[in-house]
Amino acid sequence: MSSQTPLRHYLQFRDLTRAELDYLFARAAWIKQQFKTYQRYWPLQDRTLVMIFEKASTRTRLSFEAGIQQLGGSAIYLNTRDSQLGRGEPVEDAAQVISRMSDLVMIRTFEQDVIERFARNARVPVINGLTNEYHPCQILADIFTYIEQRGSIRGKTVAWIGDSNNVCNTWLQAAEVLDFNVRVSTPPGYEVEAERAGLHGTGHFEQFADPMDAARGADLVTTDVWTSMGFEAENEERLRDFADWQVDGEMMQAAKPDALFMHCLPAHRGEEVTAEVIDGPQSVVWDEAENRLHSQKALMEFLLLGRIQ
Ligand code: CP
Ligand code: NVA
């Protein structure tokens with residue numbers, strides 16, 4: 001426990017203001033440049049990140065673990081199976097103990113309520129590494145990627161095709177904070193729930209019955225798996241329900257000619273997206289994945305040290 005700045009958490013996208021996000025995107029670009037030119041940058045020397053995973057992960061674990069190490073700190077990995085978390089220890093007690101032995105905690109769990117309760121009882125910053133409701137670190141990286149490729153996202157149009165899941169909810173929050181538009185198309189019965197998405201208003205998103213209408217004229221087309229972690233029992237039903245919500249070449253044609261395609265990964269080619277699109281020239285999925293590293297390094301630095309310049 002060695003944070004010297006006021007305690008801040010990143011549990012939802014809107015926990016950061018527009019000005020702070022603008023700072024973080026600029027900071028991520030600088031940190032990325034240092035990394036690419038092999039400059040040692042160790043502002044978090046002797047700091048310890050605890051990573052708690054109650055669901056599987058490749059990118060989130062890798063980017064946080066590599067990220068804290070590259071900033072001079074170290075990471076400890078805990079999962080439900082091998083810790084007392086899976087044996088009913090109250091989350092409030094776990095938060096007290098874990099945050100007395102570390103400087104920063106990242107959690108991937110099921111209900112948002114779990115991470116909110118953890119944060120209320122923690123002495124150190126807590127970062128949401130994905131919940132059923134939100135995936136704020138993903139959208140931080142995605143918008144950083146958009147800015148790198150096309151400049152400011154303000155006023156732009158993002159088309160979300162498929163399930164109104166944690167990633168979709170986070171795009172919708174981001175649209176309110178950063179002032180852009182999201183056009184969502186889901187199958188009937190899977191529409192956005194504004195309250196669950198944590199929206200303040202409806203002014204930044206529109207829902208469309210036909211995915212082609214959502215994609216028309218978009219600056220960015222994005223999607224995600226039809227079945228998120230924790231919803232596996234619904235997989236067969238979802239395969240049927242989402243069959244017409246696949247992002248394919250025709251849908252990309254409906255978007256602007258220079259539209260980007262994003263997917264948080266892992267992807268299922270032939271389900272939510274065709275191989276032609278995800279492996280095609282408009283796709284920036286590998287930059288998106290890499291940028292998890294750089295944007296989260298900027299986030300960790302900000303939560304522990306505040307603004308550097
Ligand atoms: N996009 C993402 O969070 O990937 P992982 O599930 O591999 O962490
Ligand atoms: N919506 C997906 C994202 C995985 C990174 C899930 O929650 O499983």
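Note that ligands are numbered from 1 as they come in the structure, with each ligand's atoms numbered from 1 the same way. Computation of the quantities below employed the complete heavy-atom set of this structure, encompassing side-chain atoms and omitting hydrogens, waters and symmetry-equivalent molecules.
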Does T37 have any side chain to side chain contact (heavy atoms under 4.5 Å, CB included) partners at least two apart in sequence or in another chain, and if so, which?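 T37 satisfies side chain to side chain contact (heavy atoms under 4.5 Å, CB included) with Q33, Q39 only.
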Check ligand 2 against D224 and write out every atom of the ligand that is under 4.0 Å from a heavy-atom position of the residue.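 Ligand 2 atoms under the 4.0 Å threshold to D224: 1 (N), 2 (C), 3 (C).
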Is the closest N or O pair between S228 and ligand 2 shorter than 3.5 Å?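 Between S228 and ligand 2, an N or O pair is found under 3.5 Å apart.
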Check: H204 ring centre within less than 6.0 Å of F180 ring centre: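 Centroid separation for H204 and F180: 6.0 Å or greater.
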Where's the contact between N166 and ligand 2, heavy-atom distance under 4.0 Å: side chain, backbone, both or neither?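 The side chain, only.
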Within a distance under 4.0 Å of any heavy atom of L130, pick out the atoms of ligand 2 and give their elements.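 Every atom of ligand 2 under 4.0 Å from some heavy atom of L130: 3 (C), 4 (C), 5 (C), 7 (O).
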Is the F302 to Y10 ring centre distance short of 6.0 Å?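 No; Y10 has its ring centre 6.0 Å or more from that of F302.
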Check residues 191-198 and write down every donor-acceptor pair under 3.5 Å in which the side-chain atom is one partner and the other belongs to a residue at least two apart or another chain.
| residue | atom | partner | partner atom | Å |
| --- | --- | --- | --- | --- |
| E191 | OE1 | G189 | N | 3.0 |
| E191 | OE2 | G189 | N | 3.4 |

Ring centre gap for Y41 and W30 strictly below 6.0 Å: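 Yes: the rings meet the under 6.0 Å criterion.
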Using ring centroids (six-membered ring only for Trp), state whether Y77 and F53 fall under 6.0 Å.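 Distance test on ring centres: under 6.0 Å, yes.
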Set of residues satisfying side chain to side chain contact (heavy atoms under 4.5 Å, CB included) with respect to L62, sequence neighbours excluded: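 Expected list: none.
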Within the protein, residues bringing a heavy atom under 4.0 Å of ligand 1, chain by chain: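 Within 4.0 Å of ligand 1, protein side: S57, T58, R59, T60, R108, H135, Q138, C264, L265, R292.
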